Number of protein chains: 2
Amino acid sequence: MSEHLKLNNQLCFRIYKLNKSVTKLYVPLLKKLSLTYPQYLVMLALWEVNQPVSIKKLCIQLELDTGTLSPLLKRMEALAFIKRVRSTKDERLVLIELTAKGKHLKKEAELIPAQLFCSTGLTKEELVMLQQSLDSLLNNVKLHS
Amino acid sequence: MSEHLKLNNQLCFRIYKLNKSVTKLYVPLLKKLSLTYPQYLVMLALWEVNQPVSIKKLCIQLELDTGTLSPLLKRMEALAFIKRVRSTKDERLVLIELTAKGKHLKKEAELIPAQLFCSTGLTKEELVMLQQSLDSLLNNVKLHS
DNA sequence: TAAAATTATATTGCGCACAATGTAAATTAA
DNA sequence: TTAATTTACATTGTGCGCAATATAATTTTA
C-alpha cells in the first residue's frame with residue numbers, strides 16, 4: 001500500500017485530533033464558567049472589544065456563519081452572559097453586548113490561559129514559533145480555498 | 001487589557017481555525033466521492049487494513065466514540081461503501097468491511113493527498129517537521145487530559 | 001423616487017462530536 | 001455454575017458547523 005493514503009500520514013488527521021484534544025482540555029475549565037468552547041471564543045472576542053458588536057463582525061472574527069452564531073448567541077443570552085440589542089442606526093444589525101454577569105466572568109477566565117499553556121508542554125519560544133507555523137499554514141490553505 | 005485573553009493570542013483558536021479551513025479544502029474533493037470528511041477518515045482506515053475491523057477498533061484509531069461512529073457507519077452502509085456484519089466468534093462485535101464499491105473508491109481517492117499537499121504551500125521537509133511538532137504537542141496535551 | 005441589488009440576521013436540515021444511558025454478549029469471580 | 005462485572009454497540013439529547021433558504025432593512029441603480 002502506498003504511503004499517501006495512510007491515515008497516520010495525513011496532516012489533516014493530526015490537526016483534527018489535535019483540535020479535539022485541545023478542546024477537551026478546555027471543557028472541565030469552562031464547565032466551571034458554564035461555557036462551551038465556542039461560547040468561550042465569543043466571550044474572548046467580547047471582553048477584548050469591550051463594547052457592543054454586531055453579529056456580522058463576530059461572524060467575521062470567529063470565522064463562523066450566522067447559522068452557527070445566531071442560535072449560539074441565543075443560548076448565551078438565555079444564560080444571561082450577553083444581551084442582544086437591535087441597532088437603532090441600522091435596524092438590520094443586532095448588537096451583542098456583555099451583561100454585568102458576562103463582564104464579571106472575565107476574572108475567572110483569566111486563570112485559564114496559563115493552565116492551557118502548561119498543558120502544551122511548550123516553552124514560550126516554541127509556542128511563538130508554532131503559532132507562526134500555523135499562521136503561515138492557515139494563510140496558504142486559505143489562498144487555495 | 002492583558003495579552004493572555006486576547007483571541008488572536010490563543011493557540012487553540014489557531015488550531016480551531018486551521019482545522020476548519022483544512023477540512024473545507026477536502027469538501028469539494030470528497031463531494032465527488034460522495035463522502036464527508038469524517039467518512040473519508042473511516043475509508044482511509046479501512047483501505048489500509050484491507051480486512052474487516054470491529055467498530056471498537058475504528059473508535060480507537062479515529063479517536064471517536066460509538067455515539068459518533070455508529071450512526072456514521074450506518075450512513076456509509078446506506079451509501080453501499082461498507083457492510084456491517086455481526087461477528088460469529090464474538091457476538092458483541094460488529095465488523096465493518098468494504099464493499100466492492102468501497103474498494104473501487106480508493107482509486108479516485110489516490111488523487112487527493114497530492115492536491116492537499118499542494119494547498120499547504122509547504123515543502124516536504126517543512127511538512128515532516130510540522131507533523132513532528134503537532135505529534136509532540138498532541139502527546140503533551142494528552143498527558144494533561 | 002421606484003425598482004433592483006445588497007446586507008444582516010434568522011431558520012431549516014443534515015452531519016458530526018460527545019456525554020449519558022441502555023442492552024446484550026462475554027468474561028470473571030464467588 | 002451462578003452472579004457480578006466488563007465489553008461492544010446502539011440510542012438519546014445537546015451543541016456546534018455549515019449549506020441553503022427566507023425575510024426585512026438598507027443601499028444602489030435606473
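Keep in mind that what you see is a predicted model, and the values were worked out from it rather than measured.
Summarising the geometry, the separation between CG on B:N19 and C1' on C:dA17 is reported as 12 Å, rounded to the nearest angstrom. One interatomic measurement links the two molecules: CG of B:D65 to P of C:dA19, which rounds to 7 Å at whole-angstrom precision. Protein atom NZ of A:K24 is 10 Å distant from nucleotide atom P of C:dA17, rounded to whole Å. One interatomic measurement links the two molecules: CG of B:L58 to C1' of C:dA17, which rounds to 16 Å at whole-angstrom precision. If you measure from atom CD1 of B:I96 to atom P of D:dC9, you get 8 Å, rounded to the nearest angstrom. Atoms OH (B:Y16) and C1' (C:dC16) sit 14 Å apart, rounded to a whole Å. Separating the CD atom of B:Q39 from the P atom of C:dC14 is a distance of 15 Å, rounded to the nearest angstrom. Spacing between atom CG of B:D90 and atom P of C:dA24 amounts to 16 Å, rounded to whole angstrom units.
Between B:K142 and B:E63 a salt bridge is recorded (basic side-chain N to carboxylate O distance below 4.0 Å). The pair A:E77-A:K74 fails the salt-bridge criterion, with no side-chain N (NZ, NE, NH1 or NH2) lying under 4.0 Å from an Asp/Glu carboxylate O.
When each of A:L73 and B:P38 is assigned the nucleotide of DNA chain C with its nearest heavy atom, A:L73 is the one assigned upstream, toward the 5' end.
Closest contact between the side chain of A:R92 and the listed nucleotides D:dT27, D:dA8, C:dC16 involves D:dT27. Each of C:dC16, C:dT11, D:dC16 was ranked by its minimum atom distance to the side chain of B:T36; first place goes to C:dC16. In the set C:dA10, D:dA19, D:dA10, the nucleotide with an atom closest to the side chain of A:S70 is C:dA10. Among the nucleotides D:dT11, C:dA8, D:dG17, the one closest to any side-chain atom of B:T66 is D:dT11. With D:dC16, C:dC16, D:dT11 as the choices, the nucleotide that has an atom nearest any side-chain atom of A:L72 turns out to be D:dC16. Here the nucleotide nearest the side chain of A:K74, chosen from C:dA10, D:dC9, C:dA26, is C:dA10. Comparing C:dA17, D:dC18, D:dC9 by their closest approach to the side chain of B:S54 singles out D:dC9. The listed nucleotides are C:dA10, D:dA8, C:dC18; the one nearest the side chain of B:K56 is D:dA8. Of all nucleotides listed (D:dC9, D:dG15, D:dT26), D:dC9 comes nearest to the side chain of B:V94. Counting only heavy atoms from C-beta on, A:I55 has its side chain closest to C:dA10 among D:dA10, C:dA10, D:dC16.
A:S34 approaches A:F81 most closely through the heavy-atom pair O-CE1, 3.7 Å.
Note on B:R84: a side-chain N or O is less than 4.0 Å away from OP1 or OP2 of D:dA10.
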Practice task
Please lay out, stage by stage, how B:R14 and A:D135 fare under the test side chain to side chain contact (heavy atoms under 4.5 Å, CB included).
Solution key: CA-CA 7 Å; B:R14 281 178 169 75; A:D135 283 347; 2.6 Å; yes
Problem - Test log, rule side chain to side chain contact (heavy atoms under 4.5 Å, CB included), inputs A:Q39 and A:L79 - result: CA-CA 11 Å; A:Q39 288 169 5; A:L79 292 168; 4.2 Å; yes
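Nucleic acid contact class of B:L64 (heavy atoms, under 4.0 Å, all strands): sugar-phosphate only.
A side-chain donor-acceptor contact under 3.5 Å links B:T68 and B:D65.
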